[in-house]
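Presented below is the structure to which this report refers.
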Protein chains: 2
Amino acid sequence: MDPHLIRTFVTVARCASFSTAAEELGYTQSAVSQQIAALEADLGVPLLRRRPVTPTDAGRRLLEHAAPILLRLDAARADIRRASGAPPAHLRAGASPLADSGRLAEALVRVRRSMPRVSVALSVLGREGVVTGVARGELDLGLVDGVTAPSDPLRLSDAGALTSTVVGESPLAAVLPAGHPLAGRATLRLDDLADAWWIDAPDAATPLAQLRAVARADGFRSGFGYDGAELSVLLALVAAGAGLALLPESVARDRPDVAAVRLAAPAPVHRTELVHGGLTGPAAACARLLQP
Amino acid sequence: MDPHLIRTFVTVARCASFSTAAEELGYTQSAVSQQIAALEADLGVPLLRRRPVTPTDAGRRLLEHAAPILLRLDAARADIRRASGAPPAHLRAGASPLADSGRLAEALVRVRRSMPRVSVALSVLGREGVVTGVARGELDLGLVDGVTAPSDPLRLSDAGALTSTVVGESPLAAVLPAGHPLAGRATLRLDDLADAWWIDAPDAATPLAQLRAVARADGFRSGFGYDGAELSVLLALVAAGAGLALLPESVARDRPDVAAVRLAAPAPVHRTELVHGGLTGPAAACARLLQP
DNA sequence: ACAACTTACGGGGGCCGTAACAATT
DNA sequence: AATTGTTACGGCCCCCGTAAGTTGT
């Protein structure tokens, strides 16, 4: 189970082709063929059906394990690099779209003002992207948002030695078209919304899987997906009747075509957490500015 | 970051010696020396101080990552083996000391009675041991106990594709010597016990770290450790005044020398969960018998 | 001086590339 | 027939073992 082999296996499965994967990895397709054969021999199970190239059941299992394994490996390397070596002269921050990036931006500017020699960069990525970026050491800190029961930690994908602290919470609201029958209500219960139709927008809104976990209920069907992270697009979709979305209450203000109805207590909350793998140098200064 | 190298590194660090590790691994100490050198070259950091052999900061970081990484690798292999291949003709079960092993034993006996050709084995291990055993495929199912807030999952070490279901809960009690000033109370609050002295018995009682996490408080000091899993030994220690222990209420019955005082609501509970990596064959039958 | 880790060096096995082969469309 | 994956073979590199070298106690 050489990570090297896992990596090529993942690539082959994604490309659904030995030759394309070989090109992408800089090998000959013969080498790739041999690597897959070696992996299958090691595990004693065929992982791919050929022509067309499709993962077997065993292969699908391996695919599920591959990403976390490779991530942990990268995270370990990054963590070790952090442990030794001078604190960096730059600050790379990441934020998921619904995290309070305004506050982060302000903190970054203040850091740069007080330490003019450090270069600062901010990236907005999906939740996964932020967490994995921090884990891999590509980001010095990240602001990730999510939905949980109050006073419960966010369930982030586990990459090992990451620590996270709460930097903000805000009430959640179901966002619906302005004319919707429920739009007049003062509050709503999450359970009552399980039967509604939702927009599946894992980056721009609350992922439906997270929603089901928090509500401890199935349902939350979706017939409409949105893969981007643009809030305005999502709100336009809601207004057009594509489905509902669960968002922090504040985002729906100043839009006449949608209505936000706050969830009734006991309700899950929208929380943003600061994620990092050990704060040193400029990142530590930035983190201090983000504390309430 | 070849897993092979990580493995030897862990062994060397544990043995605090290249030569002893080499013997244990079946290599020459020269080979081990070269492997460590290769790993250090790959990471660009010294991992060990020599003479005496001691991990550096970076090495300590790697040690923390190593176990989860190697576990996940093993877990992936086990998961793939499970996915392909006939359901086994045996049933290997594990339980942590405070899990309801009586109920498990009964279920195992009934399984064996209805399927006389399957061989059954039961091991009592530490909590970690059960979870890792199931993850590695050495156990078909495990019964693990722990302490959490009600309606909160047990926080098990993450090895990937394991699923767990609740099979039982019982109230928690602080166990104290019979003559203790608090022994007469009807109930106690966990917060009030943070300043007491506790027995650090991670396998036989609630691990103190878990206690602090549930209580959301520091404290729970310890001046006395017990490494075994024997409940009678632990209760004898409590009776002798070594410290307090948090246990399911039932275990302290029939012992005149200790008193169990139930925790006042809202209190954490003692819960045992069934852990498995996909139920097939006899394991599925056993799991059905364990459902309430 | 000894114990223990490192370095030098040689052999063998594994890994990749070239090229011929096989199988599927 | 063309495309794509497999097998055969040869070279190179990596890895381990032997043995000499170095270092800290």
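Labels below follow one simple rule: chain letters A, B, ... track the order of the sequence lines, proteins then strands, and each chain is numbered from 1.
Among pairs with a residue in residues 17-72 of chain A, those fulfilling ring pair (Phe, Tyr, Trp, His ring centres under 6.0 Å) read A:H4-A:Y27, at least two apart in sequence or across chains. Pairs engaging residues 39-62 of chain A under the ring pair (Phe, Tyr, Trp, His ring centres under 6.0 Å) rule: none recorded [sequence neighbours left out]. Every pair passing side-chain hydrogen bond (donor to acceptor under 3.5 Å, both in side chains) that includes a residue from residues 43-56 of chain B is listed here, sequence neighbours excluded: B:E40-B:R50.
A residue-by-residue look at A:D2 and A:R51 shows that A:D2 has its nearest nucleotide of DNA chain C further toward the 5' end.
Axis angle across the helix from C:dA1-D:dT25 to C:dT25-D:dA1, with five pairs used at each end and values rounded to 10°: 30°.
Qualifying side-chain contact (heavy atoms from CB on, under 4.5 Å) partners for A:D57, counting only residues two or more places apart in sequence or in other chains: A:R60. Applying the side-chain contact (heavy atoms from CB on, under 4.5 Å) rule to A:D74 yields the partners A:R136; only residues at least two apart in sequence or on another chain are considered. Every residue two or more places apart in sequence or in another chain was checked for a side chain to side chain donor-acceptor pair (under 3.5 Å) with A:T206, and none qualifies. Remark: A:A66 pairs with A:I6, A:V10 by the side-chain contact (heavy atoms from CB on, under 4.5 Å) rule, at least two apart or across chains. A:F220 pairs by the ring pair (Phe, Tyr, Trp, His ring centres under 6.0 Å) definition with A:W198, not counting sequence neighbours.
Residues A:Q34 and A:S30 bring a donor and an acceptor atom of their side chains to less than 3.5 Å of each other.
First and last contacting nucleotides of DNA chain D toward chain A (any atom under 4.0 angstrom from a heavy atom, 5' to 3' order): D:dT4 to D:dA8.
For the pair B:R77 (side chain) and A:L43 (backbone), a donor-acceptor distance under 3.5 Å is absent. A:D203 places no side-chain N or O within donor-acceptor distance of the main-chain N or O of A:G126, the cut-off being under 3.5 Å. A donor-acceptor distance shorter than 3.5 angstrom exists from the side chain of B:R82 to the backbone of B:G277, with no hydrogens or angles considered.
Scanning residues 29-41 of chain A for heavy-atom distances under 4.0 Å to DNA chain C yields A:S30, A:A31, A:Q34, A:Q35. Listed in residue order, the members of residues 17-26 of chain B having a heavy atom less than 4.0 Å from DNA chain C are B:S17, B:F18, B:S19.
Rounded to whole Å, the distance from CZ on A:R50 to P on C:dT24 is 13 Å.
When the shell of 6.0 Å around CZ of A:R155 is examined, it contains 12 or fewer heavy atoms from other residues, nucleotides or ligands.
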